[in-house]
Each structure stands twice: as structure tokens, then as C-alpha cells.
Amino acid sequence: MRYIGTRNKEMTASASEAILRGICPDGGLYIPEKIPQLTTEPEALLQMDYRTLAYEILRQYLDFTPEELHACIDGAYDSKFDTPEIVPLVKKGDALYLELFHGRTLAFKDMALSILPYLMKTAAKKQGLSEEIVILTATSGDTGKAALEGFANVDGVKIMVFFPEDGVSPVQKLQMTTQQGDNTRVIGIHGNFDDAQTAVKKIFTDAQLAEELAQKGYRFSSANSINIGRLLPQVVYYYWAYIQAVKMGEIKWGDALDFTVPTGNFGDILAGWYAAQMGLPAGHFVCASNDNKVLYDFFCTGEYNKNRPFHVTVSPSMDILVSSNLERLLCHMGGQERTKQQMGALQSEGKYQSDMTNTNISGAYATEEETFSAIRDVFQKTGYVMDTHTAVAYAAYKKYQAESQSNVPMVIVSTASPYKFTKDVMTAIDAKYKDGDAFALMQELERLSGVKIPTPIQGLQQREIRHKIVCEKQNIAQTVRDWLL
Ligand SMILES: *Cc1c(COP(=O)(O)O)cnc(C)c1O
């Protein structure tokens, strides 16, 4: 299996090389030259536990030996997850919820970032790499913590995370600023996620800085979903969801199953699209946005236009105007030459045109008010408490359903635990909580939902804050130099 660049198909790499580089030297992203077909019999898939399924899927994409890949998977999907199923599919009311938040940082980012350090170490060994790897990560809140947790105290790796100082929830911020591990640095920036992501992408293609670092024995890589090593592990849980839905009697093998995915950088939903290309009989994908509905407009009109106000919402991990992974879909659909032009136009004019009418993806979005109503309604009807991102997806699903009149069963991809966004979740349930303290409200959430406060955030507010640096967005490269050179 070869990987090629989205802006130039001559930019080839093996899986190991693509994972180590994170991004193509020309700024494009790596995609598989050809998406593999999964030919395993349904009867066999239905017998598999999560780790076995992960092996069956990932081996199609990676140049690892069976021993290497098993070691990665067994290291990642173990008792760090608070349930042996790893990813439960639960039915509440009129929807199925794919709970991707049972890992250490309570967000779906754990699904990929628990395994990425293993993939990277294995790739480094296979490539005979001698340099120390420096992971640079821009985060809208969840990636940062999941990456820190995955890479803290990993030998031969340093990790630096940039987050928007005023754009994350109190729990998200404390989770990051209290991070342990001498190989970690966490930096707040005055700016939003797009500023952080743009600055980090620029550092990756800065040949001068790469040279200075190489002399010190360092090389950069990325833990953002621009890294193909982030995307591939996410394909697994779409198959997993389908298998569980069959086992629960919701569908028969071969029937359609739809997914609504709360979307930011377009990584999660793209993994679903990959699963469908591999042969999973998935039906329709609803790409759910919050008020930053650049993707909704794109799927409606064919124009991607980031020239618009940026909204800070209650679903901060979706507050994104430049969805990096859309570049991969554009390339699979339209080829490298077209994609290169489109990315050039995005850079110079902030917009581009594309025709997306042939995909099984459509957009829907939820306002802040609709997000709050979704949390309240589902809680009142079923007793189930969703986080704000999952609630955007639920509201989007309801709009899609009203419009399409579809009665295909729907999986709501549930990306975070409500405990990560306690204050907004509780306020949605009852406005009387709006002035409460986010940490005090956890007890109340525990009482209402009957779901215990997850162990990883118990006592969070008593932990020592170890990371206090805040910088201007134009100084991000400088903070990297300050730490490493
Ligand atoms: C990252 C994240 C998303 C968006 O996922 P993408 O892959 O960036 O589209 C949605 N919800 C939560 C809770 C997240 O952390």
C-alpha cells in the first residue's frame, strides 16, 4: 500500500513514512493510493472483539508485521478504556449513540491518539530513525489533551500543544495545563483554533527551521488529523457500529445504516466515508456543524468560503473554518491537479468551488439554541445526557430526518462525555444552573444522569497547574525555538 500526496501524486510514501512526516513536504496530505476492500466475511466480523477488528482493518493500510501491529493495538485499546467493549453502541429513544468517549481524556480523540504513539514508534524503528520526534499540535480543546496523554513520558518524543486561550471549556483547559511529563509543553495563544492550526502547518513546511532542528537531532511530526495515522484507526469504529447494530437486531447485514457526525476538521466523518469505500454497507452521512457552518454551506452550494465571522460556541471542538481533511475527499473525488488549485484559491482568496453532488454526504447544522434544546429534549424523553457536540449532531439528525423522510436507523456519533462540558450541559437541562461552578455541577450531573463522574477528571481542580505560558499567534514559531534550540 502506497500513499500519495493530495496536491501532487508523485509525493509518494510508505505508511511508515507518511505517519512520521505527518504532512507532505509541499503542504498536501497523504492519502492511500487506492482504498482497500475489506473482503472478510460478515460471519467472521460478527465474532470479533474491538482489537481483532482493529487488526483486520488496519492491516489493510499499514506496512507493519503482524507482531508489530498486534503490539500497537494491544497497547492502545486496553484498560485505559473504562469499558471492555471499548466503544459501546447504546439505543436511547429514536437513535443509536456510538459512545467514543470511554478513553482517558473523555473525547473521541482517544480512539486515534491512544494508538498513534505506538504507530509512530514502530514506524520510527522500521525507518531506522535516529532523531528525536517533536510532535506539534494545534487543538480546539480535545486533541491537545488526548495527544498529551498518549505521548507523555514516551521515550524519544517531545510534544508541544497550542490551544486558544479563550476558546476551550474550563475542564478542557485544566486537563491540559495540569499535564504531567517532562517531555510536554502546553501553550495558550491569543487567537482561535484556525490561527493555531495555520501557524503549526506553516512550521511543518519551514525548511529553515527544519534544518536548525535537524542539527540538534530533532524532527517534527504531527498528532493532528492531517496525519494519516490519526485517520486510519477511526475507520475501525464505523465497522464496529455496524456490527453492533446487527447484533442488537436493529439491522440485518447488508441493510443501510446512517451516521450523523459532529464535524470540525472533517477527520471523523472522512473515516466513515473510507469505511463505506472499503465496502461497509453504510447509508448516508450527515455532516453536522454548529454556527461555524462553512461545511453546511459547502455541501449545499458547492462553494467553500471561510471569509466569515468566527463564532465561539458551546461545541468548541467544532469551531473551525478551515476543515483540513476535506482536502482528502476533494482529492479522492477530483484528483491532485484540481485539489492543488482549490487549496491555492483557499490560501489566496479564502474560498474555492467544488462539486460534491456525487457523495453520500450532506450537511446540516444546529444553532446554539437548537443544541441546548436537543440536550434538554433527549434528557426529558429518555434520561440520557449528551454533551454539546453530540447534541449538535442530534439536532442536525432531526433536521435531516424531517427533510429526507428517511426511516433508515441513525447512529449519532457521540464524541465527548457530558462531563467535559458540564456547565453548558447542565444549563441546557435547566437554566437555573447557569451561574453554577463547572466543577460543583459535576455532582449534580452525576445525580441526574446516573453516570458516575469519570475517574480521569476526579479531583481535577485540585491539581497543580504546570503550564502557564500564553503567547501571541505570530510568536508560535519562536516558542518552538525557545524550547528546542
Ligand atoms: C475533534 C472533535 C470533533 C470534530 O471532529 P473532526 O474529526 O475534527 O471533524 C467533534 N466533537 C468533539 C468532542 C471533538 O473533540
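For ligands, and for the atoms within them, numbers begin at 1 and follow the listed sequence.
In this pair, Tyr304 and Tyr352 present their aromatic rings parallel. The plane angle is below 30°, not in the 30 to 60° band.
For residues 354-379, every residue pair satisfying the salt bridge (charged side-chain N to carboxylate O under 4.0 Å, His left out) rule, not counting sequence neighbours, is listed here: Glu370-Lys399. Here salt bridge (charged side-chain N to carboxylate O under 4.0 Å, His left out) pairs that include residues 289-307, with residues two or more places apart or in two chains, are Lys293-Asp297, Asp297-Arg308.
Rounding to the nearest 0.5 angstrom, the gap separating the CD1 atom in Ile57 from the OH atom in Tyr55 is 13.0 Å.
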| CA sep, side-chain torsions, deciding dist, call: His389, Phe421, ring pair (Phe, Tyr, Trp, His ring centres under 6.0 Å) | CA-CA 9 Å; His389 303 75; Phe421 305 93; 4.7 Å; yes

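Considering only residues two or more places apart in sequence or on other chains, Asp430 meets the side-chain contact (heavy atoms from CB on, under 4.5 Å) condition with Lys432, Tyr433.
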Can you list every pair where an N/O of ligand 1 is under 3.5 Å from an N/O on the protein?
{"from": "ligand 1", "atom 1": "7 (O)", "to": "Gly267", "atom 2": "N", "distance (Å)": "3.2"}
{"from": "ligand 1", "atom 1": "7 (O)", "to": "Asp268", "atom 2": "N", "distance (Å)": "2.9"}
{"from": "ligand 1", "atom 1": "8 (O)", "to": "Asn265", "atom 2": "N", "distance (Å)": "2.7"}
{"from": "ligand 1", "atom 1": "9 (O)", "to": "Gly264", "atom 2": "N", "distance (Å)": "2.8"}
{"from": "ligand 1", "atom 1": "9 (O)", "to": "Asn265", "atom 2": "N", "distance (Å)": "3.2"}
{"from": "ligand 1", "atom 1": "9 (O)", "to": "Phe266", "atom 2": "N", "distance (Å)": "3.0"}
{"from": "ligand 1", "atom 1": "11 (N)", "to": "Thr415", "atom 2": "OG1", "distance (Å)": "2.8"}
{"from": "ligand 1", "atom 1": "15 (O)", "to": "Lys109", "atom 2": "NZ", "distance (Å)": "2.6"}
{"from": "ligand 1", "atom 1": "15 (O)", "to": "Asp142", "atom 2": "OD2", "distance (Å)": "2.5"}
{"from": "ligand 1", "atom 1": "15 (O)", "to": "Ser317", "atom 2": "OG", "distance (Å)": "3.4"}

